[in-house]
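The structure appears right after this line, and notes come after that.
We name chains A, B, ... by the order of the sequence lines, and we start the count at 1 in each one. In this text, all values refer to a predicted model and were calculated from it rather than measured experimentally.
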Amino acid sequence: VKLLIFSLRTFTKKSTKIDSLLLDKHGDYIAAYGSKKDDYEYTLSEYLRMSGIYWGLTVMDLMSQLPRMNRQEIIDFIKACQHDCGGISASIGHDPHLLYTLSAVQILCLYDSVDALDVDRVVEYVKGLQQEDGSFAGDKWGEIDTRFSFCAVATLALLGKMDTINVDKAVEFVLSCMNFDGGFGCRPGSESHAGQIYCCTGFLSLTGQLHQLNADLLGWWLCERQLPSGGLNGRPEKLPDVCYSWWVLASLKIIGRIHWIDKAKLRMFILACQDEETGGFADRPGDMVDPFHTLFGVAGLSLLGDEQIKAVNPVLCMPEDVLQRIGLQPDLLS
Amino acid sequence: MSGVEATSTEPLQVKEDQEFDVEAEDHLGDDYVVDPTRYMFYRDRKEWADLEPVRQDDGPNPVVKIAYSEKFSDVYDYFRALLKNDEKSERAFALTADAIELNAANYTVWHYRRVLLQALSKDLREEMRYITAIIEEQPKNYQVWHHRRMVVEWLNDPSEELEFIADILSQDAKNYHAWQHRQWVIQEYKLWDDELEFVENLLEEDVRNNSAWNQRHFVISHTTGFSDAAIVEREIQYCLNQIKKAPHNESAWNYLKGMLQDRGMSSQPGLLERVLELKETHCSPYLLAFLFDCYEDALENSVQRENAEEDERKETLKKALEICELLAQEKDTIRKEYWQFLGRSLKNRFQTNIQFIVLSVGRL
């Protein structure tokens with residue numbers, strides 16, 4: 001039996017160089033996402049729907065277009081996704097997980113409606129996932145990853161409940177994941193990877209431990225991600241991807257070394273990843289767009305100083321004005 | 001930041017069963033097993049008639065209308081029904097395979113399959129065969145690797161792992177999930193013996209494979225360690241040999257620097273000379289950066305040695321600053337800011353030092 005497997009993201013089109021930011025098109029793209037004809041991708045990504053909503057809402061807010069989204073429906077959806085154990089699932093009928101618990105809390109912060117959740121139960125859920133060595137499992141099945149350390153402290157920081165976990169042990173575990181090149185992987189010994197580095201620097205910021213980093217060494221590794229095209233990759237000898245404009249750039253901002261990359265060239269690369277017809281950003285110029293890359297393209301441009309976009313917080317990837325309202329100002333190195 | 005899950009940049013996989021010509025009026029009954037080219041919806045299968053399928057619930061006020069492919073919605077309608085009834089049966093187990101085939105990233109299906117594996121006391125060796133096939137098709141997915149790990153743990157049998165992972169890596173030598181799984185197996189079951197050789201073979205194939213370099217560091221730090229001078233010398237030699245083959249090699253230089261930075265670059269006799277020699281024929285921005293680090297380290301050490309030659313120090317500083325200038329203006333202009341920063345901070349730290357010493361000497 002033959003199955004035709006094709007990848008939605010690799011229909012490459014010839015693209016003319018795009019050098020301006022098409023904010024209105026991106027707003028239209030996100031506002032219509034999920035209601036368009038090509039729904040198969042939307043269906044397939046149900047298992048991460050909560051994160052998908054977080055990406056969409058955050059980028060809309062950064063573009064000052066949040067009112068176009070359906071606030072009450074989303075809040076009701078989140079309520080229906082909180083399980084008895086306190087954890088939140090990606091969608092209805094799915095199991096709870098730390099990843100989607102964080103996304104849900106981030107969304108509710110955007111909407112100033114954290115009380116839609118049983119907050120105490122969320123905290124219990126997060127606390128229950130911490131292991132003896134300080135690490136965090138993603139869910140009851142026990143996968144350990146520094147991404148989950150970040151999700152745990154970010155969730156608790158947004159709820160103002162960081163003191164409920166063993167922060168020292170959590171820090172100890174994350175530091176044990178620091179590699180010889182100054183970077184971090186998912187577990188001790190794992191290869192340094194920009195996504196993991198973002199999670200670990202964000203984690204260290206939220207726990208007030210940025211001084212434990214070797215900022216010059218890590219900054220060097222991070223600025224080495226920039227390729228001649230101006231784009232950033234996630235580890236040595238790999239291709240550039242617009243989402244690394246976020247993971248790498250935010251990390252550099254957190255450690256106070258964002259000026260070490262060539263901003264003009266990076267901006268050009270990010271803009272080239274837009275799709276003039278459909279709106280949205282793809283991983284690299286010419287590929288298919290999606291909300292994930294759209295958020296990180298816009299957030300990256302915000303970090304680079306684009307004034308048409310709201311300021312974004314590099315630790316939490318949320319609009320700064322939302323965090324100001326909450327009263328959360330994570331540390332940054334200068 | 002839940003978005004990190006997708007950073008392996010895998011494209012979303014869509015399977016189109018183009019050869020499945022589905023007719024609702026087909027009365028094939030159980031013959032669908034006999035003729036595998038004819039797919040029958042669950043809703044038409046007699047042995048599933050007792051179960052009420054559960055439609056997708058998009059929340060109290062559906063945000064958007066969703067159009068699924070028919071096969072997908074059929075399978076998942078029945079999956080939801082099974083979950084709702086908490087049914088633990090063979091047919092449920094069989095259905096999870098269909099659900100996984102349609103969407104292997106759906107972590108809830110994998111959870112359920114594991115619950116069933118245990119509840120039904122399924123043959124875990126068979127499950128190993130199954131997960132092997134799935135990973136071969138979709139090797140860049142967190143769920144499949146975590147599932148495999150659980151089965152290996154339940155069986156407490158890692159005997160197939162190294163060979164399997166090697167096979168996956170032969171298709172993509174940098175698969176991040178594969179490497180994590182490999183590290184777990186090796187550490188958990190103490191399978192260190194042949195790993196350095198494995199790493200060297202991979203580096204023979206692609207000397208720029210950063211994952212392999214990382215693995216090299218992993219193996220050595222967990223076995224001999226790096227404190228033995230003979231080991232360090234061996235590794236330096238290895239790095240320089242690889243660099244001669246492919247000078248533009250970020251990973252090799254990162255490895256060398258990472259290994260030496262704590263004990264100090266200038267702690268290695270003759271290393272600076274060897275690098276200077278390489279500079280003539282195998283230069284790269286990484287080599288120059290490494291040279292800079294050597295000079296910086298030398299300056300740091302010279303400050304501590306009271307009788308160090310002041311001229312020598314000035315010369316070292318000058319060479320270091322020249323490197324920064326060369327990199328910023330010519331060899332690595334995209335990182336101009338970084339190189340200029342390095343130059344400035346070196347000047348600040350050591351130029352005054354030298355001047356101070358000159359002044360102090362002058363006062364004696």
Side-chain angles (χ1 to χ4, degrees), chain A residues 1-10 34-35 39-45 47-48 51 54-55 70 73-74 76-77 80 92-95 99-100 102-103 141 143 147 150-151 180-181 186-187 189-191 193 195 198-199 223-224 226 234-237 241 243 259-260 262 265 283 292 317, chain B residues 1-7 9 11-19 36-37 57-61 63-69 72 80 83 103 105-108 111 114 142 146 150 174 176 179-180 183 187 208-211 214 217-218 250-251 254-255 258-259 261 334-338 341:
Chain A
V1 171
K2 277 200 205 141
L3 296 174
L4 180 71
I5 299 172
F6 62 91
S7 158
L8 285 176
R9 289 234 235 108
T10 56
S35 63
D39 286 310
Y40 207 23
E41 182 191 328
Y42 185 81
T43 307
L44 282 187
S45 57
Y47 72 92
L48 53 68
S51 296
Y54 154 75
W55 301 329
N70 297 298
E73 284 159 13
I74 289 167
D76 291 339
F77 172 74
I92 293 165
H94 285 254
D95 292 336
L99 292 170
Y100 310 113
L102 172 60
S103 290
W141 291 97
E143 185 191 355
R147 288 181 295 148
F150 174 80
C151 289
F180 61 88
D181 50 19
C186 63
R187 289 185 283 276
S190 302
E191 187 185 0
H193 181 291
Y198 164 79
C199 290
C223 76
E224 271 290 291
Q226 191 162 33
R235 34 180 180 144
E237 303 294 335
D241 181 326
C243 68
H259 50 287
W260 284 0
D262 185 322
K265 283 196 121 183
D283 58 353
F292 174 82
C317 195
Chain B
M1 174 46 52
S2 30
V4 182
E5 183 167 2
T7 54
T9 59
L12 284 171
Q13 301 279 338
V14 175
K15 288 184 191 177
E16 285 288 359
D17 302 342
Q18 293 205 320
E19 260 151 282
T37 61
D57 179 359
D58 295 312
N61 302 296
V63 180
V64 293
K65 276 212 198 97
I66 295 170
Y68 296 94
S69 95
F72 191 99
R80 282 182 279 269
L83 271 188
N103 193 358
N106 190 321
Y107 64 99
T108 300
H111 290 185
R114 280 195 287 276
Y142 285 99
H146 188 65
M150 299 237 61
K174 300 178 189 181
Y176 198 74
W179 282 109
Q180 298 339 303
Q183 287 194 345
Q187 229 173 344
R208 293 194 181 87
N209 184 337
N210 194 65
S211 308
N214 183 71
H217 192 274
F218 176 73
E250 191 181 343
S251 306
N254 275 359
Y255 181 88
M259 181 178 60
Q261 68 204 348
I334 206 167
R335 272 166 281 277
K336 187 151 92 165
E337 288 294 332
Y338 175 72
F341 160 81

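- Listed options B/W179, B/F341, B/Y176 were ranked by heavy-atom pairs under 4.5 angstrom with chain A; first place goes to B/Y176.
- Legend: residues meeting side chain to side chain contact (heavy atoms under 4.5 Å, CB included) with A/K265, ordered by chain and number and at least two apart, are A/Q226, A/D262, B/I334.
- Residues B/L83 and A/G93 come closest through the heavy atom pair CD1-O, 3.7 Å.
- Residues B/F72 and A/L44 meet the side-chain proximity criterion, which asks for heavy atoms closer than 4.5 Å.
- Considering only heavy atoms from C-beta on, B/T108 stays 4.5 Å or farther from A/Y47 through its side chain.
- Contact annotation: the side chain of A/E237 never approaches that of B/N210 to less than 4.5 Å [non-hydrogen atoms, C-beta and beyond].
- Relative orientation of the A/H94 and B/Y107 rings is tilted, given thresholds of 30° and 60° on the angle between their planes.
- Heavy-atom distances place both the backbone and the side chain of B/K174 under 4.5 Å from chain A.
- For chain A, the nearby parts of B/Q180 are the backbone and the side chain; heavy atoms of each come within less than 4.5 Å.
- A/E191 CD to B/S251 OG: the interatomic distance, rounded to the nearest 0.5 Å, is 8.0 Å.
- In terms of the salt bridge (Lys or Arg N to Asp or Glu O under 4.0 Å) criterion, residue partners of B/E250 (sequence neighbours excluded) are, by chain and number, A/R225.
- When the candidates B/M150, B/Q261, B/Q187 are compared by the number of heavy-atom contacts under 4.5 Å with chain A, B/Q261 comes out ahead.
- The backbone N or O of B/G258 lies less than 3.5 Å from no partner atom in the side chain of A/D181, so there is not a single donor-acceptor pair.
- A cation-pi arrangement, defined by a distance under 6.0 Å to the six-membered ring centre and an angle within 45 degrees of its axis, is present between A/R147 and B/Y142.
- Heavy atoms of B/H146 lying under 4.5 Å from chain A belong exclusively to its side chain.
- Taking the ring axis of A/W141 as reference, the NZ or CZ atom of B/R114 stays within 45° of it and closer than 6.0 Å to the ring centre.
- Considering only heavy atoms from C-beta on, A/C223 stays 4.5 Å or farther from B/E337 through its side chain.
- Taking the charged nitrogens against the carboxylate oxygens, A/E224 and B/R335 do have a contact shorter than 4.0 Å, which makes a salt bridge.
- For the residue pair B/N214 and A/G189, the shortest heavy atom distance occurs at ND2-O, 3.0 Å.
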